[in-house]
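This chain uses plain numbering: 1 for the first residue, then up along the sequence.
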Amino acid sequence: MCVCVFTSIDSFGKPEEHGSCGNVELLSAAASVVAMGSSPAPFPDIGRKAKDLLNKDYIFDQKFTLTMLSATGTKFVATGLQKDDLFFGDISTLYKGQNTIVDLKIDSNSSVSTKVTVKNLMPSAKAVISFKIPDHKSGKLDVQYVHPHATLNSSIGLNPTPLLDLSATIGSQTVSLGGEVGFDTASSSLTKYNAGISFNKPDFSAALMLEDKGESLRATYVHTVNPTTSVGAELIRRFTNHANSFTIGSSYSVDPFTTVKTRLSNNGKAGMVVQREWRPKSLITLSAEYDSKAVNSSPRVGLALALEP
């Protein structure tokens with residue numbers, strides 16, 4: 001498990017911190033470059049607005065995060081997660097230099113994860129190397145290049161039989177077309193190949209994705225009704241069994257410090273999130289989901305508390 005901490009701006013202009021895995025820090029860095037120019041977003045960001053609206057902050061466990069910043073600018077983050085009867089925790093440090101970012105994390109399984117980001121490796125390019133101890137096969141190198149009309153991301157495992165991933169998008173911030181492919185050198189087979197197109201305007205975002213090696217088609221749409229209200233939908237068509245699924249959702253800013261989100265799926269599940277910023281950069285989030293097809297089960301409820309003194 002590898003956690004990166006980065007900052008983005010939500011639909012209401014408030015800064016947010018997220019934790020995620022894989023190439024998130026690399027993609028976050030790419031997003032900052034995109035914000036300054038006309039380059040298209042990285043391929044994993046196609047349809048991201050709908051994913052965030054329909055899935056982000058829906059946490060049905062108990063999570064606690066404490067973030068502290070030292071006088072030297074080093075960030076310390078302690079995270080605890082209780083899932084059913086199991087508890088997971090980690091402590092991470094994040095140091096940012098002029099051209100280097102070092103992220104070190106120790107988790108409750110006694111694993112040590114390290115991620116080093118080197119910016120300005122060459123004009124418009126940066127690299128990230130990551131590894132986890134004691135897993136000697138976990139090493140990975142990610143390289144990202146941003147061009148005014150294209151964005152390229154590549155990843156290769158640092159082991160004798162690595163996994164290779166390559167994604168690219170062309171176009172602009174308004175219209176972009178991209179694809180990704182994964183290759184397993186051990187079996188000499190493709191692990192994935194997907195393609196997508198997105199169309200973005202200040203008040204809406206639409207995307208169409210061909211996923212699961214061409215076995216499913218995903219369409220997403222998000223519309224900003226006004227500065228406080230957004231609505232969105234996702235439709236998935238699976239060609240193998242001719243099944244369709246859809247989810248609709250909304251986000252409403254009650255005031256500058258309180259956000260309410262809702263979602264409803266055709267599988268009978270209805271969810272709701274209430275998030276309150278009770279002090280600067282400190283959030284309390286309450287999530288709940290009810291499954292109308294599981295009448296004998298209790299609704300799922302989650303609580304997340306993020307503190308930053």
Side-chain angles (χ1 to χ4, degrees), residues 6-20 24 27-59 146 151 169-178 196-209 211 217-237 245-266 269-278 280-281 283-289 304 306:
F6 66 98
T7 302
S8 65
I9 302 297
D10 66 6
S11 58
F12 305 109
K14 297 189 298 182
E16 298 180 320
E17 285 192 347
H18 314 276
S20 187
V24 171
L27 299 179
S28 175
S32 63
V33 175
V34 170
M36 296 183 293
S38 59
S39 303
F43 179 78
D45 283 353
I46 294 181
R48 183 172 294 276
K49 288 185 178 180
K51 293 177 183 177
D52 289 345
L53 178 67
L54 299 174
N55 299 297
K56 185 182 173 183
D57 297 322
Y58 283 90
I59 301 175
V146 178
T151 300
T169 54
I170 59 174
S172 64
Q173 288 187 0
T174 303
V175 181
S176 62
L177 174 67
I197 185 172
S198 67
F199 186 70
N200 302 289
K201 285 292 186 179
D203 60 338
F204 74 90
S205 176
L208 187 65
M209 299 280 295
E211 302 175 323
L217 184 68
R218 181 192 305 265
T220 62
Y221 180 80
V222 174
H223 183 75
T224 303
V225 181
N226 54 53
T228 63
T229 306
S230 297
V231 295
E234 177 185 72
L235 174 64
I236 302 176
R237 169 69 173 180
S245 61
F246 70 86
T247 304
I248 57 176
S250 67
S251 177
Y252 174 66
S253 181
V254 179
D255 55 51
F257 308 103
T258 308
T259 301
V260 177
K261 298 176 65 176
T262 61
R263 72 179 181 189
L264 177 65
S265 302
N266 69 315
K269 293 183 179 181
M272 184 176 183
V273 170
V274 179
Q275 187 176 78
R276 173 74 177 180
E277 186 179 21
W278 54 281
K281 298 183 180 180
L283 303 172
I284 182 170
T285 305
L286 178 64
S287 308
E289 185 180 66

Looking at every heavy atom in both Asp57 and Ser287, which two are closest together, and how far apart are they?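 Where Asp57 meets Ser287 most closely, the heavy atoms are O-OG, 2.9 Å.
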Minimal non-hydrogen separation, Ser250 against Thr262, with atom names: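 Distance-wise, the nearest heavy atoms are OG-OG1, 2.6 Å.
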Can you check whether Leu53's main-chain N or O pairs, donor with acceptor, with Lys261's side chain at less than 3.5 Å?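 Checking the backbone N and O of Leu53 against the side chain of Lys261, a donor-acceptor pair under 3.5 Å is found.
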Less than 4.5 Å apart, side chain to side chain, heavy atoms only: is that true for [X] and [Y]?
X      : Y      : result
Ile46  : Thr169 : yes
Arg276 : Asp255 : yes
Met272 : Val260 : yes

Evaluate the criterion side chain to side chain donor-acceptor pair (under 3.5 Å) for residue pair Gln275 and Thr285; output intermediate values, then yes/no. CA-CA 4 Å; Gln275 187 176 78; Thr285 305; 2.9 Å; yes
Under the side chain to side chain contact (heavy atoms under 4.5 Å, CB included) rule, collect the residues that match up with [X], sequence neighbours excluded.
X      : value
Lys51  : Asn55
Ser172 : Thr174
Ile170 : Ala150, Leu177

Would you compute the distance between atom [atom1] of [X] and atom [atom2] of [Y] and round it to the nearest 0.5 angstrom?
X      : Y      : atom1 : atom2 : result
Ser265 : Ile248 : OG    : CD1   : 8.5 Å
Met209 : Ile197 : CE    : CD1   : 11.5 Å
Tyr252 : Asn226 : OH    : CG    : 8.0 Å

The criterion is salt bridge (Lys or Arg N to Asp or Glu O under 4.0 Å); which residues satisfy it with Arg237, sequence neighbours excluded?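 Checked Arg237 against salt bridge (Lys or Arg N to Asp or Glu O under 4.0 Å); zero matches.
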Using the salt bridge (Lys or Arg N to Asp or Glu O under 4.0 Å) criterion, which residues pair with Glu289? Sequence neighbours excluded.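 Expected list: Arg263, Arg300.
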Could you tell me which residues satisfy side chain to side chain donor-acceptor pair (under 3.5 Å) with [X], sequence neighbours excluded, listed by chain and number?
X      : value
Ser176 : Ser198
Tyr221 : His223
Thr220 : none
Asp52  : none

Could you name each residue pair satisfying salt bridge (Lys or Arg N to Asp or Glu O under 4.0 Å) that touches residues 220-233, not counting sequence neighbours?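 Of all non-adjacent pairs touching residues 220-233, none passes salt bridge (Lys or Arg N to Asp or Glu O under 4.0 Å).
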Suppose we screen for ring-ring contact (aromatic ring centres under 6.0 Å, His included). Which residues come up paired with Phe199, at least two apart in sequence or across chains?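 Scan of Phe199 (ring-ring contact (aromatic ring centres under 6.0 Å, His included), adjacent residues dropped) gives Phe204.
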Asp203 and Thr224 side chains, donor-acceptor separation under 3.5 Å: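 No pair is found: no donor N or O on one side chain lies under 3.5 Å from an acceptor on the other.
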Tell me yes or no: between the side chains of Ser230 and Ser251, is some donor less than 3.5 Å from an acceptor?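 Per modelled atom types, Ser230 and Ser251 side chains form no pair under 3.5 Å.
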